[in-house]
Amino acid sequence: MEIAVVGGGSMGSNHVRALSRLDEVHVAGVVDVDLQRAQALADRHGTSAFASVEDLLTCCTPGRDLHGCVVATPTLSHLPIASQLIEAGVAVLVEKPAAASAAEAQELGRLSESYGVPMMVGHIERFNPVVRELAGADFEGPTHIDIRRVGPFTPRIHDDVVVDLMIHDLDIVRFLTGSNVVDVQAVGKPVLSEVCDLAVALLTLESGTTVSLMASRLGQKKQRQLDLTFEDHFVRCDLLHQSVLVQRGQQGGLTTEGFGFQQTMNEEIRYLENRAEPLVSELSAFVATIRSGDTPPVTIADGVEALRQVERVRAVIGKAIDSGVGTGPLG
Ligand SMILES: NC(=O)c1ccc[n+]([C@@H]2O[C@H](COP(=O)([O-])OP(=O)(O)OC[C@H]3O[C@@H](n4cnc5c(N)ncnc54)[C@H](O)[C@@H]3O)[C@@H](O)[C@H]2O)c1
């Protein structure tokens, strides 16, 4: 199967590398407005470079030597680039966020439906073995979910931290709980850039589960921690190192001396059967979707919903900033 990648930057390079690991895939080409960048990446993987999607479509015939495209360009260009590919009949895997707004993402959904062209969104955490493990586990609904996603500041990223980082966790929460958000409280602050570099949200779900999310690019190194609190146990997950630790408390009752309670703790580290690289799993799922014509595991409707949640959190942060709440001492 012939798959091209549009955008040869940080994420696009990862896609080309991961696609090259799939036996059934040949990288049809790399497209980047910076042709030198596209050429350097294409040379490393034995494929062709193009300066635009038009050039790619002139050289490759959809359905014959171009079956799908990954769009890994800056978010503002997702709508025009993905539209052009869908209209040409090429299946699209668009990086997260699906588009610059929920309305734009909906537009992509309408297009892919009317052209009958498969479209998937790169919410990569859906393919994280930890998230898969949690989705398949027989846990009863958690009373609280806490996710912290921290990374270093990257000047080339212009999106705010809600759409850049927190969107992953908004999607994970929806995927794991299947419950709607009924209340949002949030604060955020621009610190190193013009947009929010730190955001904290407190959500209440219809199920009653509460959720705290912290996304920050003011850290020194990457951290991706997900904790689930249940009535009688606690689950700590590391999305980066792919580990799951379950802690179960045991009430001891009265001691032999007849006073006090003792509490012991059982800890078990769940064995993850599949520690595959999430990006490779995501791309395999995209290839399978093109082959089968089935609904992809992450649909454009999922991308729209994630962006709606982003917009809700942003609106609450906007109000907080306007009224001076949570902005000091650096904001
Ligand atoms: N899934 C994830 O975890 C994850 C991680 C990082 C980035 N992303 C997403 O990937 C996308 C790209 O981010 P990045 O960090 O790779 O950015 P980047 O700046 O490193 O790379 C973007 C590349 O696109 C090229 N480009 C810009 N406009 C173009 C156009 N019209 N046609 C062709 N090429 C064009 C640029 O020259 C650049 O090489 C963003 O939407 C971002 O949100 C997702």
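None of these values were measured; they are calculated from a predicted model. For ligands, and for the atoms within them, numbers begin at 1 and follow the listed sequence.
Electrostatic pairing of K96 and D164 counts as a salt bridge here, judged by a charged N lying under 4.0 Å from a carboxylate O.
The closest side-chain donor-acceptor pair between D302 and T299 falls under 3.5 angstrom. Counting only N and O atoms by type, the side chains of S212 and H144 include a donor and acceptor under 3.5 Å apart. Of the N and O atoms on the side chains of H15 and E95, at least one donor lies less than 3.5 Å from an acceptor on the other residue.
Listed as neighbours of ligand 1 are V6, G7, G8, G9, S10, M11, D32, V33, R37, A72, T73, P74, T75, H78, I81, E95, K96, P97, G122, I124, R156, H168, each bearing a heavy atom under 4.0 Å from the ligand.
For E87, the CD atom sits in a packed shell: over 12 heavy atoms of surrounding residues, nucleotides or ligands are nearer than 6.0 Å.
Annotation for K222 and R224: closest pair CE-NH2, 3.5 Å, computed over non-hydrogen atoms.
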